[in-house]
Chemist: 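Let me give you the structure first, and then I'll get to my questions.
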Amino acid sequence: MQITLLCSSPEHPVNAWLERWRAHHQGRHSITLCRTKDELPGGDVLFLVSCSQIIDAATRAHYLNTLVLHASDLPYGRGWSPYIWSLLEGAASITVSLLEAEDGVDTGAIWAKRTFPVPAHALHDEIHRLLFDTELELMDEGLTLIGAGAKPEPQPATKTPTYYRRRTPADSEVDPTKSLCELFPTIRLMDPQRYPAFFRLHGHTYSIELKKVTSHDDD
């Protein structure tokens with residue numbers, strides 16, 4: 001197959017996983033990694049992974065299938081940063097959906113879903129590993145389903161979709177008057193390189209970097 005991976009941010013941590021996936025499959029498929037839709041060569045399958053660009057119908061027409069990875073149990077959680085919002089709401093697991101791209105955001109038919117648990121102690125980097133491993137598994141599953149001639153299932157009309165708004169830097173601000181136990185569920189999700197948690201105190205702004213220094217098998 002002629003496969004394209006479109007990830008619009010070269011700084012996104014998922015890139016290391018995409019490179020690993022490309023190296024693993026390169027012998028069986030021709031795989032190109034692009035940063036913008038203007039670079040897309042066309043082919044059999046286009047995977048949109050952490051892609052912030054809108055891929056219109058004219059662009060999608062250059063591929064037999066355009067598949068999106070979205071970290072929510074669609075039709076619930078359409079929109080932006082769904083797994084972050086979900087974990088902030090207290091979720092203990094995350095479902096990732098592999099769907100066909102459509103003009104409506106996250107409205108396409110579903111190819112497959114996978115769910116993984118998120119321990120309450122897991123930090124952003126550990127959650128990333130769980131999420132990105134699941135996304136690679138779904139990409140493999142998508143290729144298998146396409147190769148077998150399977151078709152995706154439309155999202156159920158009986159379920160009312162929910163939507164998440166786009167996160168902003170202000171969403172990473174925490175209240176320094178709260179206890180660490182109260183703040184931990186928010187701080188643990190903030191990427192200290194790209195979206196650090198921060199607080200304001202004594203006329204200054206401070207960023208927070210949280211690291212796990214011990215690990216217990218019974219956690």
Side-chain angles (χ1 to χ4, degrees), residues 6-20 33-38 48-55 68-74 76-97 105-106 115-135 161-219:
L6 178 56
C7 177
S8 52
S9 171
E11 291 80 30
H12 199 288
V14 76
N15 281 289
W17 272 256
L18 295 180
E19 290 289 1
R20 187 175 73 200
L33 175 59
C34 296
R35 298 299 178 200
T36 174
K37 66 180 183 180
D38 296 332
L48 305 179
V49 188
S50 298
C51 176
S52 61
Q53 293 184 309
I54 300 298
I55 308 303
V68 182
L69 288 158
H70 187 75
S72 81
D73 188 9
L74 292 171
Y76 306 123
R78 292 175 180 174
W80 290 269
S81 305
Y83 80 95
I84 297 289
W85 289 118
S86 181
L87 292 173
L88 287 172
E89 292 168 353
S93 63
I94 294 299
T95 296
V96 184
S97 300
V105 175
D106 305 322
T115 301
F116 62 90
V118 179
H121 61 75
L123 303 186
H124 71 97
D125 55 336
E126 298 169 302
I127 298 169
H128 283 169
R129 285 196 292 271
L130 294 169
L131 173 60
F132 301 155
D133 284 348
T134 301
E135 290 184 340
T162 61
Y163 294 84
Y164 287 123
R165 65 172 174 84
R166 190 186 299 273
R167 288 179 59 80
T168 69
D171 293 309
S172 296
E173 183 172 7
V174 296
D175 183 352
T177 66
K178 292 185 177 180
S179 70
L180 185 56
C181 284
E182 291 177 286
L183 297 177
F184 180 79
T186 298
I187 296 173
R188 74 177 182 127
L189 301 177
M190 301 299 103
D191 183 330
Q193 276 70 51
R194 299 186 304 144
Y195 308 109
F198 69 94
F199 62 94
R200 306 177 198 273
L201 191 66
H202 304 310
H204 295 275
T205 300
Y206 302 85
S207 64
I208 303 171
E209 182 173 358
L210 190 64
K211 293 183 179 180
K212 184 180 289 184
V213 295
T214 61
S215 178
H216 299 283
D217 293 337
D218 57 350
D219 282 354

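Owing to the predicted nature of the structure, the values given are computational and were not obtained by experimental measurement.
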Chemist: Could I get the full list of side chain to side chain donor-acceptor pair (under 3.5 Å) partners for Thr162, not counting sequence neighbours?
Modeler: none
Chemist: Taking ring pair (Phe, Tyr, Trp, His ring centres under 6.0 Å) as the test, write out the residues that go with His124, two or more places apart.
Modeler: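 Residues passing ring pair (Phe, Tyr, Trp, His ring centres under 6.0 Å) with His124: His128.
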Chemist: Will you find, in the side chains of Asn15 and Arg20, an N or O donor that is under 3.5 Å from an N or O acceptor?
Modeler: no
Chemist: Going by side chain to side chain contact (heavy atoms under 4.5 Å, CB included), name the residues that satisfy it together with Asp73, two or more places apart in sequence or in a different chain.
Modeler: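 Checked Asp73 against side chain to side chain contact (heavy atoms under 4.5 Å, CB included); matches are Thr95, Lys113.
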Chemist: What residues, two or more places apart in sequence or in another chain, satisfy side chain to side chain contact (heavy atoms under 4.5 Å, CB included) together with Glu126?
Modeler: Ala122, Leu123, Arg129, Lys212
Chemist: Does the side chain of Ser72 reach to within under 4.5 Å of the side chain of Tyr83, using non-hydrogen atoms?
Modeler: no
Chemist: List the atom of Pro185, the atom of Leu88, and the distance in Å for their closest heavy-atom pair.
Modeler: O-CD2, 3.9 Å
Chemist: Which salt bridge (Lys or Arg N to Asp or Glu O under 4.0 Å) pairs, counting each pair once, include a residue from residues 7-19, with sequence neighbours left out?
Modeler: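 Salt bridge (Lys or Arg N to Asp or Glu O under 4.0 Å) check on residues 7-19 returns Glu19-Arg22.
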Chemist: List the atom of Arg35, the atom of Pro10, and the distance in Å for their closest heavy-atom pair.
Modeler: CZ-CA, 3.7 Å
Chemist: Give the minimum heavy-atom separation between Arg188 and Pro119, together with the two atoms involved.
Modeler: NH1-O, 3.0 Å
Chemist: Rounded to the nearest 0.5 Å, how far apart are SG of Cys34 and CD of Gln53?
Modeler: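 The CD atom of Gln53 is 10.0 Å from SG of Cys34, to the nearest 0.5 Å.
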Chemist: Sequence neighbours excluded, which residues qualify as side chain to side chain contact (heavy atoms under 4.5 Å, CB included) partners of Phe116?
Modeler: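 Checked Phe116 against side chain to side chain contact (heavy atoms under 4.5 Å, CB included); matches are Ile94, Val96, Val118, Leu130, Leu131, Thr134.
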Chemist: Within the structure provided, determine whether Ser86 and Tyr76 are in side-chain contact (heavy-atom separation under 4.5 Å).
Modeler: no
Chemist: So, for Pro82 and Gly77, which heavy atoms are closest and what is the spacing to 0.1 Å?
Modeler: CB-O, 3.5 Å
Chemist: What is the distance from atom SG of Cys51 to atom CG of Leu6, rounded to the nearest 0.5 Å?
Modeler: 4.0 Å
Chemist: If you look at every heavy atom in Val14 and Cys7, which pair is closest and at what distance?
Modeler: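 Nearest pair, atom of Val14 first, then Cys7: CG1-SG, 3.9 Å.
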Chemist: Can you list the residues that meet the side chain to side chain donor-acceptor pair (under 3.5 Å) rule with Ser93, with sequence neighbours excluded?
Modeler: none
Chemist: Between Ser179 and Glu182, do the side chains contain an N or O donor and an N or O acceptor separated by less than 3.5 Å?
Modeler: yes
Chemist: Can you name the residues that form a salt bridge (Lys or Arg N to Asp or Glu O under 4.0 Å) with Asp106, not counting sequence neighbours?
Modeler: none
Chemist: Can you measure from CD1 (Ile55) to CG (Leu48) and round to the nearest 0.5 angstrom?
Modeler: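 It is 5.5 Å, given to the nearest 0.5 Å.
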Chemist: Using the side chain to side chain donor-acceptor pair (under 3.5 Å) criterion, which residues pair with Trp17? Sequence neighbours excluded.
Modeler: Asp133
Chemist: Which pair of heavy atoms, one from Trp85 and one from Trp80, lies closest together, and at what distance?
Modeler: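 What the structure gives for the nearest pair is CD1-O, 3.1 Å.
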Chemist: CG of Asp125 to NZ of Lys211: how many Å apart, nearest 0.5 Å?
Modeler: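 Asp125 CG to Lys211 NZ: 10.0 Å, rounded to 0.5 Å.
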Chemist: Going by side chain to side chain donor-acceptor pair (under 3.5 Å), name the residues that satisfy it together with Ser50, two or more places apart in sequence or in a different chain.
Modeler: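 Partners of Ser50 by the side chain to side chain donor-acceptor pair (under 3.5 Å) criterion, ordered by chain and then number, come out as His12.
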Chemist: Who passes salt bridge (Lys or Arg N to Asp or Glu O under 4.0 Å) against Arg165, sequence neighbours left out?
Modeler: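 So Arg165 forms a salt bridge (Lys or Arg N to Asp or Glu O under 4.0 Å) with Asp171.
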Chemist: Please output the side-chain donor-acceptor pairs of residues 193-210 that fall under 3.5 Å, not counting sequence neighbours, one pair per line with the distance.
Modeler:
residue: Arg194; atom: NE; partner: Asp191; partner atom: OD2; Å: 3.1
residue: Arg200; atom: NE; partner: Glu173; partner atom: OE2; Å: 3.1

Chemist: Hey, is the main chain of Val49 close enough, under 3.5 Å, to the side chain of Glu135 for a donor-acceptor pair?
Modeler: no
Chemist: To the nearest 0.5 angstrom, please state how far the OG atom of Ser81 sits from the CG atom of Leu189.
Modeler: 11.0 Å
